[in-house]
Student: 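The structure follows.
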Amino acid sequence: MDHLNVSAVSGGSAVVTLFVESQNSSSERRFQKSLTIEELKVRLEPIVGIRPIDQQLVLLDAASNPVCEISGDDSRMLGFYPVKDLMTLSVKTTNSSAQMNFDESQVEKYVMEDDEYDRRRDTVRAFKRRHRMGRFADGASEVSIDEDAKAKELALSIPVGSRCEVALPDGEFRKRGTVRFVGETGFRPGYWVGVEYDEPVGKNDGSVDGTKYFQCAADYGSFVRPDKVTTGDFPEEDIFGSDLEEM
């Protein structure tokens with residue numbers, strides 16, 4: 001009977017986005033509400049590193065208050081419980097002596113640039129901003145005074161027109177370009193550096209939300225935090241250079 005009443009109980013879409021938290025990891029995941037709890041635990045194992053038999057699942061609301069414990073009949077569907085988008089699924093182990101199976105090296109990672117993540121409307125950050133929670137609450141500053149002062153000092157030391165290299169968060173890939181803008185913006189508080197990349201690996205044409213900060217071709221522009229930018233002698237790379245030398 002539980003299986004026949006999934007949409008009526010949880011309502012809305014057949015897919016739910018949950019923030020999965022455990023001792024080993026924290027990530028956003030999408031799950032079909034038609035998954036049984038047994039199937040859900042199997043999918044959670046490579047994410048949290050806890051065997052299905054040892055998993056204790058607790059559903060939390062957006063303010064991290066417990067909503068219910070997902071326990072008992074594992075043949076029930078996830079949609080049987082009052083799950084809603086951007087709730088937190090807390091996963092703990094009931095067996096403290098068991099060795100965790102979590103192998104971070106086997107997890108495929110995707111690192112999104114901060115400005116792109118900030119523009120998305122389906123994230124935990126966007127949810128908290130809409131509902132004025134946490135650092136977005138009335139009277140709360142998105143960045144501390146100390147952090148803002150340091151960012152300003154660093155930003156103002158970056159000359160517009162200088163060549164630069166931008167390091168992505170994973171540290172494995174760097175992009176070269178020219179600094180076209182330094183300062184505050186209307187799309188997010190704090191200081192930003194607008195970069196025109198040498199290759200079409202950017203996110204925009206120097207505009208965000210209809211405001212033009214600098215001019216460049218589409219997909220050549222991007223905005224990054226000052227601490228991600230290094231200025232210096234960074235000539236445009238010849239991506240075909242090595243091939244020509246081998247011919």
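All values below come from the heavy atoms of this structure, side chains included, with hydrogens, waters and symmetry mates left out. Since the structure is predicted, the reported quantities are computational estimates derived from the model, not experimental observations.
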Student: Below 4.5 Å, heavy atoms only, C-beta onward: do Leu44 and Ile50 meet side chain to side chain?
Tutor: no

Student: Could you give the distance from CG (Leu89) to OH (Tyr81), rounded to the nearest 0.5 Å?
Tutor: 11.5 Å

Student: Return the minimal non-hydrogen interatomic distance between Val67 and Pro82, and the atom names on each side.
Tutor: CG1-CG, 3.9 Å

Student: Once rounded to the nearest 0.5 Å, what's the spacing between atom CE of Met77 and atom CD1 of Ile37?
Tutor: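 CD1 of Ile37 is found 10.5 Å from CE of Met77.
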
Student: Please check if the side chain of Arg225 supplies one atom and the backbone of Tyr191 the other of a donor-acceptor pair under 3.5 Å.
Tutor: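 Indeed, once roles are kept as given, a pair shorter than 3.5 Å links the two residues.
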
Student: Would you kindly confirm whether Val182 and Val208 end up in one hydrophobic cluster when ILVMFWY residues are joined by side chain heavy atoms under 4.5 Å apart?
Tutor: no

Student: Residues in side chain to side chain contact (heavy atoms under 4.5 Å, CB included) with Leu156, at least two apart?
Tutor: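 Per chain and number, Leu156 pairs via side chain to side chain contact (heavy atoms under 4.5 Å, CB included) with Lys152.
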
Student: So do the side chains of Glu45 and Arg51 get within less than 4.5 Å of each other, counting heavy atoms only?
Tutor: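 In short, these two side chains touch, coming nearer than 4.5 Å.
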
Student: Given the rule in the side-chain contact (heavy atoms from CB on, under 4.5 Å) test, do Leu18 and Phe31 qualify, once you have shown the distances and angles that lead to the verdict?
Tutor: CA-CA 8 Å; Leu18 297 177; Phe31 299 105; 4.1 Å; yes

Student: Is Tyr213 reachable from Val193 through a run of hydrophobic residues whose side-chain heavy atoms are each under 4.5 Å from the next?
Tutor: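 No, no single cluster joins them.
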
Student: Quick one: pull up CE in Met87 and CZ in Phe19 and give me the separation to the nearest 0.5 Å.
Tutor: 15.0 Å

Student: Counting distance only, does the side-chain N/O of Ser25 pair as donor-acceptor with the main-chain N or O of Ser22 below 3.5 Å?
Tutor: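 The answer is no, because no donor-acceptor pair under 3.5 Å joins these two groups.
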
Student: Could you measure the distance from the CG atom of Leu78 to the CD atom of Glu39? Nearest 0.5 Å is fine.
Tutor: 10.5 Å

Student: Whether Arg188 and Asp209 form a salt bridge (side-chain N of Lys/Arg under 4.0 Å from carboxylate O of Asp/Glu) is what I want to check.
Tutor: no

Student: Within the side chain of Asp54, is there an N or O that forms a donor-acceptor pair under 3.5 Å with the backbone of Thr93?
Tutor: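 Checked: no pair found.
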
Student: Looking only at atom types and distance, does a side-chain atom of Thr231 sit under 3.5 Å from a main-chain N or O of Ile158, one as donor and one as acceptor?
Tutor: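 Pair absent, no side-chain N/O of Thr231 close to backbone of Ile158.
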
Student: Kindly compute the distance separating OH (Tyr197) from NZ (Lys203), expressed to the nearest 0.5 Å.
Tutor: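 The OH atom of Tyr197 sits 8.5 Å away from the NZ atom of Lys203.
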
Student: In chain order, what residues pass the side chain to side chain contact (heavy atoms under 4.5 Å, CB included) check against Val15, with sequence neighbours excluded?
Tutor: Ser13, Arg30, Gln32

Student: In terms of hydrophobic clusters joined by side-chain contacts under 4.5 Å, are Leu35 and Val20 together?
Tutor: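 Both belong to a single hydrophobic cluster.
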
Student: How far does OG of Ser90 sit from CD of Glu21, to the nearest 0.5 angstrom?
Tutor: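 Going from the OG atom of Ser90 to the CD atom of Glu21 covers 7.0 Å.
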
Student: For the hydrophobic clusters of this structure (ILVMFWY residues joined by side-chain heavy atoms under 4.5 Å, transitively), does one cluster hold both Val160 and Val166?
Tutor: yes

Student: Before giving the answer on side-chain contact (heavy atoms from CB on, under 4.5 Å), spell out for Ile47 and Val91 the whole-Å C-alpha distance, their side-chain angles and the decisive distance to 0.1 Å.
Tutor: CA-CA 10 Å; Ile47 300 172; Val91 187; over 6 Å; no

Student: Sequence neighbours left out, what passes side chain to side chain contact (heavy atoms under 4.5 Å, CB included) with Glu165? Give chain and number order.
Tutor: Arg174, Arg176, Phe234

Student: Do Val195 and Ser222 have side-chain heavy atoms sitting under 4.5 Å apart?
Tutor: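 With C-beta onward as the side chain, the pair stays apart.
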
Student: If you count heavy atoms of other groups shown closer than 6.0 angstrom to CD of Glu38, is the number above 12?
Tutor: no

Student: Please identify each residue that fulfils salt bridge (charged side-chain N to carboxylate O under 4.0 Å, His left out) with Glu196, with sequence neighbours left out.
Tutor: Arg180

Student: Inspect the surroundings of CD in Gln56 and state if more than 12 heavy atoms from other residues, nucleotides or ligands are less than 6.0 Å away.
Tutor: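 Yes.
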
Student: Would you confirm whether Lys175, through its side chain, and Val201, through its main-chain N or O, come within 3.5 Å as a donor-acceptor pair?
Tutor: yes

Student: Show your working on side-chain contact (heavy atoms from CB on, under 4.5 Å) between Lys33 and Val83 and close with a plain yes or no.
Tutor: CA-CA 8 Å; Lys33 291 181 182 178; Val83 290; 4.2 Å; yes

Student: Can you name the residues that form a salt bridge (charged side-chain N to carboxylate O under 4.0 Å, His left out) with Asp74, not counting sequence neighbours?
Tutor: Lys41

Student: Could you list the residues that satisfy side chain to side chain contact (heavy atoms under 4.5 Å, CB included) with Ser207, not counting sequence neighbours?
Tutor: Asp205, Lys212

Student: Among Tyr220, Trp192, Phe223, which residue meets the ring pair (Phe, Tyr, Trp, His ring centres under 6.0 Å) test with Phe214?
Tutor: Phe223

